[in-house]
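As structure tokens, the structure follows; a few thoughts come after it.
Quantities reported herein were computed from a predicted structural model and do not represent experimental measurements. For this chain, numbers begin at 1 and follow the sequence in order.
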Amino acid sequence: MDKEVDIDGNGGLDRERSKYNAIVIGSGIGGLVAATQLAMKGAKVLVLEKYVIPGGSSGYYKRDGYTFDVGSSVMFGFSDKGNLNLIT
């Protein structure tokens with residue numbers, strides 16, 4: 001865990017160094033578990049998530065006063081016309 005991460009992507013020319021040992025992309029269950037296990041071993045970890053809340057498929061969202069579980073919505077959809085991706 002003593003290597004630095006090249007965050008410029010320029011092959012080493014004038015590269016900037018990160019202070020993180022690991023960067024986890026996505027804060028679903030897998031990303032959160034990986035990040036916590038690395039942190040427990042002493043790594044400095046950065047977790048990146050494009051959505052506003054962590055959790056991935058174990059998350060939830062609210063619409064019209066109702067709370068929906070993301071996992072079941074993605075897996076089973078809402079109707080015969082489609083799934084969660086069509087209404088968000």
Side-chain angles (χ1 to χ4, degrees):
M1 300 239 183
D2 55 354
K3 293 184 180 179
E4 293 180 346
V5 177
D6 176 11
I7 60 173
D8 278 344
N10 63 3
L13 302 173
D14 297 319
R15 59 183 165 184
E16 214 175 302
R17 297 289 186 161
S18 171
K19 300 211 185 288
Y20 299 105
N21 301 113
I23 299 174
V24 177
I25 301 173
S27 67
I29 292 296
L32 292 175
V33 168
T36 55
Q37 292 299 304
L38 288 166
M40 291 292 293
K41 304 268 187 213
K44 293 179 184 176
V45 182
L46 172 65
V47 178
L48 302 175
E49 173 59 52
K50 70 177 181 178
Y51 194 55
V52 295
I53 57 173
S57 293
S58 65
Y60 70 93
Y61 66 96
K62 294 184 178 185
R63 176 164 293 167
D64 298 327
Y66 296 96
T67 301
F68 296 94
D69 174 60
V70 173
S72 61
S73 300
V74 170
M75 182 172 269
F76 301 111
F78 285 108
S79 70
D80 57 349
K81 294 183 180 181
N83 62 17
L84 175 69
N85 294 326
L86 297 175
I87 63 167
T88 57

Got a list of side-chain donor-acceptor pairs under 3.5 Å for residues 26-36, not counting sequence neighbours?
from: Ser27; atom 1: OG; to: Glu49; atom 2: OE1; distance (Å): 2.8
from: Thr36; atom 1: OG1; to: Leu32; atom 2: O; distance (Å): 3.0
from: Thr36; atom 1: OG1; to: Val33; atom 2: O; distance (Å): 2.9

- Query: For Lys62, what residues pass the side-chain contact (heavy atoms from CB on, under 4.5 Å) criterion, not counting sequence neighbours?
  - Reply: Tyr60, Thr67
- Item | Other residues, nucleotides, ligands: >12 heavy atoms within 6.0 Å of Leu48 CG | yes
- Task: Determine the minimum heavy-atom distance between Val45 and Ala39, stating which atoms define it.
- Result: CG2-N, 3.9 Å
- Task: Taking all non-hydrogen atoms of both residues into account, name the closest pair between Lys44 and Lys19 and its distance.
- Result: CD-O, 3.5 Å
- Query: Nearest 0.5 Å, what's the CG-CG distance between Asn21 and Leu46?
  - Reply: 11.5 Å
